[in-house]
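Here's the structure, in structure tokens; my notes come after.
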Amino acid sequence: TLKNPAVFVVGYSAAYTKYHEIVNHTKSSNVPIIVLAKPEEITPEHLTIFGGHIYFEMCNSSARLLTIIFNLSLITPHEKR
């Protein structure tokens with residue numbers, strides 16, 4: 001069960017060099033990371049970095065992104081008001 005009502009959504013670029021920092025931050029904060037990219041777009045090195053996170057998802061469309069976020073909301077506890 002997730003404890004933080006947060007999620008990182010990252011638009012993938014092979015030229016970006018700070019994915020280690022993002023993944024380390026999301027791991028330490030227990031926050032899921034969703035990478036918006038086509039599967040063949042992500043380099044093997046970056047896929048290994050992302051794959052080290054238990055809450056990693058990859059999607060290539062906005063519809064899939066919304067589905068993932070909705071599913072995450074179902075496993076995140078909410079305070080009753």
Pairwise salt bridge (Lys or Arg N to Asp or Glu O under 4.0 Å) hits with a residue in [range], at least two apart:
range          : result
residues 48-64 : E57-R64
residues 43-52 : none
residues 14-41 : none

Nearest 0.5 Å please: distance from the [atom1] atom of [X] over to the [atom2] atom of [Y].
X   : Y   : atom1 : atom2 : value
T43 : F50 : OG1   : CZ    : 8.0 Å
I22 : T26 : CD1   : OG1   : 8.0 Å
Y55 : I33 : OH    : CD1   : 14.0 Å
L72 : I34 : CG    : CD1   : 5.5 Å

Can you name the ring-ring contact (aromatic ring centres under 6.0 Å, His included) partners of H46, sequence neighbours left out? Y12, Y19
Only counting residues at least two apart or in another chain, list the ones meeting ring-ring contact (aromatic ring centres under 6.0 Å, His included) with H20.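 Applying ring-ring contact (aromatic ring centres under 6.0 Å, His included) to H20 gives none.
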Scanning both residues in full, the closest heavy-atom pair of P32 with A6 reads CD-O, 3.3 Å
Ignoring hydrogens, what is the shortest heavy-atom contact between I68 and C59? Give both atom names and the distance. CD1-CB, 3.9 Å
Does I42 belong to the same Ile/Leu/Val/Met/Phe/Trp/Tyr cluster as L36, with side-chain heavy atoms less than 4.5 Å apart forming each link? no
Among all residues two or more places apart in sequence or in another chain, which pass the side-chain contact (heavy atoms from CB on, under 4.5 Å) test with L66?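 Partners of L66 under the side-chain contact (heavy atoms from CB on, under 4.5 Å) test: none.
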